[in-house]
2 protein chains.
Amino acid sequence: MSSTTIDTPTKILTATLALLERPGAKLPTMSDIARASGVSRQAVYLHFPGRTDLLIAATRFQDMQNDVNAALTASRSATSGTERLDAFVTAWGNYIPKIYGVARAILAVVDTDAEAAAAWNTRMADMREGCAAAVQALAHEGTLPANVDPEQATDLLWTILSVRTWENLTQTCGWDQACYIDTVRGLALAALAQDVGALTDVLACPDPPA
Amino acid sequence: MSSTTIDTPTKILTATLALLERPGAKLPTMSDIARASGVSRQAVYLHFPGRTDLLIAATRFQDMQNDVNAALTASRSATSGTERLDAFVTAWGNYIPKIYGVARAILAVVDTDAEAAAAWNTRMADMREGCAAAVQALAHEGTLPANVDPEQATDLLWTILSVRTWENLTQTCGWDQACYIDTVRGLALAALAQDVGALTDVLACPDPPA
DNA sequence: CTGTCAATTGACACTGTGTCAAGCGACTTG
DNA sequence: CAAGTCGCTTGACACAGTGTCAATTGACAG
């Protein structure tokens, strides 16, 4: 029974993700979501207090499927600080496209909805910890220049890895995902590890026909 | 007469800017704007077709007062490519805080309103030209590595200088404006001019008490 | 058969945008 | 001075979207 019939909340969350992940989709209303779920609009409110809560639940639902931590903890096993930074940038950078649909919907309401803002900030704070850990690894092995403030270096790495930066380069400028990763990695290594060698190859990947 | 009495459209635009530039303000409704203008809500519609049009008009109104081109053309007179990049980054970076209030309001409706998106894209395309010119100046004097694609370098500079990046560093991370300018300049010089010297001082400005 | 639970239906309140029509006061022009 | 015009006000309305409420249905369990 539990294997054949699908739970209503699950149906709703699945439909929501499907709507959100359609590339170039307009942001769905509660009616859109209900229709896509094959359920009445009120049934949605029966399981989720409101639109924001539903979006946040969709985030968690998606995280369960993707298993964020698996990829990110991999970066924790890297030996050198530089390798660790590299692994973290790659892991997170490749994670962004998976969450972009939902992220976009949440970001769209972030400055009108305090609850959404809080949820997003928490998520970004988690990511920032990864940045901080990478920075600390660099500092520990002496790759990070002595005069730079770790806090500030973390802020910068966090900004370079922001969803907005990914959005700019891949969605607006039409960059290839691989190209984005290479560039962002080069930028991070240049800024934090002063790796001039990394810079040489930055921006050297084939330009997609814009 | 024309000096004592203020034009209604001007009153509306002035009030709109005042609302938009209040730090941390929630996005104003048409009623808010009318109230702040000391005018009826319908009077606003009498002069502006809709909310988006009003925001776009506010942008232009603000540009008249600020005179963008003055600061940006200054960067055009720089002799070396590196100096030019430097001047452009400084000019634009210091311009962002002036337009942020309005930019925030427009960005908030950009993915639901095609007209707003078009206006914003035009504005950003103008800025991108400045980036392209700076990149070309670097390429001309040979500072830009030969293997990098100028288009891609422009995209990257454009992203580094985006309003979102400024927002992340100064609003979310609480950075000082001067610190933002220094960092972004260092990042640009590192990425495009491979200037290791610039990197040394990146992230060396005093951290504001977050 | 009865109670319970999940879901449906349809109504409603509220906010915000945008439209419409009638009215009003001040100023111009015959 | 009367007539008209212009800019603005007032108040009503339509519409979309969110969120709430109450009555009803249908299935399933004791």
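The aromatic rings of B:Tyr100 and B:Trp166 sit tilted relative to each other, their planes meeting at an angle between 30° and 60°.
To the nearest angstrom, P of C:dG16 lies 15 Å from CG of B:Leu55. Between A:Lys11 atom NZ and C:dA6 atom P there is a gap of 14 Å when expressed in whole angstrom units. In this structure, A:Ile6 places its CD1 atom 18 Å from P of C:dA6, rounding to the nearest Å. Straight-line distance from the OH atom of A:Tyr45 to the P atom of C:dT8: 15 Å, rounded to whole Å. Regarding B:Leu27, its CG atom lies at a distance of 15 Å from the C1' atom of C:dT15, rounded to whole Å. Rounding to whole angstrom units, NZ of residue B:Lys26 and P of C:dG16 are separated by 7 Å. As rounded to whole Å, 13 Å separates atom P of D:dT18 from atom CG of A:Asp53.
A salt bridge between B:Arg60 and B:Asp63 is absent, with no side-chain N of the basic residue lying under 4.0 Å from a carboxylate O of the acidic one. The pair B:Arg51-B:Asp113 fails the salt-bridge criterion, with no side-chain N (NZ, NE, NH1 or NH2) lying under 4.0 Å from an Asp/Glu carboxylate O. Under a 4.0 Å N-O distance rule, the pair A:Asp126/A:Arg123 does not qualify as a salt bridge.
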task = Using the side chain to side chain contact (heavy atoms under 4.5 Å, CB included) rule, take A:Ile160 and B:Ile160 through it: C-alpha gap first, then chi angles, then the decisive distance, then the call.
result = CA-CA 8 Å; A:Ile160 289 173; B:Ile160 289 173; over 6 Å; no
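In this structure, B:Thr29 reaches the sugar-phosphate backbone alone: every heavy-atom distance under 4.0 Å involves primed, P, OP1 or OP2 atoms, never a base.
Checked by distance alone, A:Arg41 brings no side-chain donor or acceptor within 3.5 Å of a matching partner on the base of C:dG10.
Checking C:dT9, C:dT17, D:dG19 against every side-chain atom of A:Arg51, the shortest atom distance belongs to D:dG19. Among C:dT8, D:dT18, C:dT17, the nucleotide with an atom closest to any side-chain atom of A:Leu46 is C:dT8. Counting only heavy atoms from C-beta on, B:Met30 has its side chain closest to C:dG18 among C:dG18, D:dT9, C:dT8.
Regarding contacts with the backbone of C:dA7, a side-chain N or O of A:His47 is found under 4.0 angstrom from either OP1 or OP2.
Comparing B:Gln42 and A:Pro49 by the nucleotide of DNA chain D that holds the closest heavy atom to each, the one mapping nearer the 5' end is B:Gln42.
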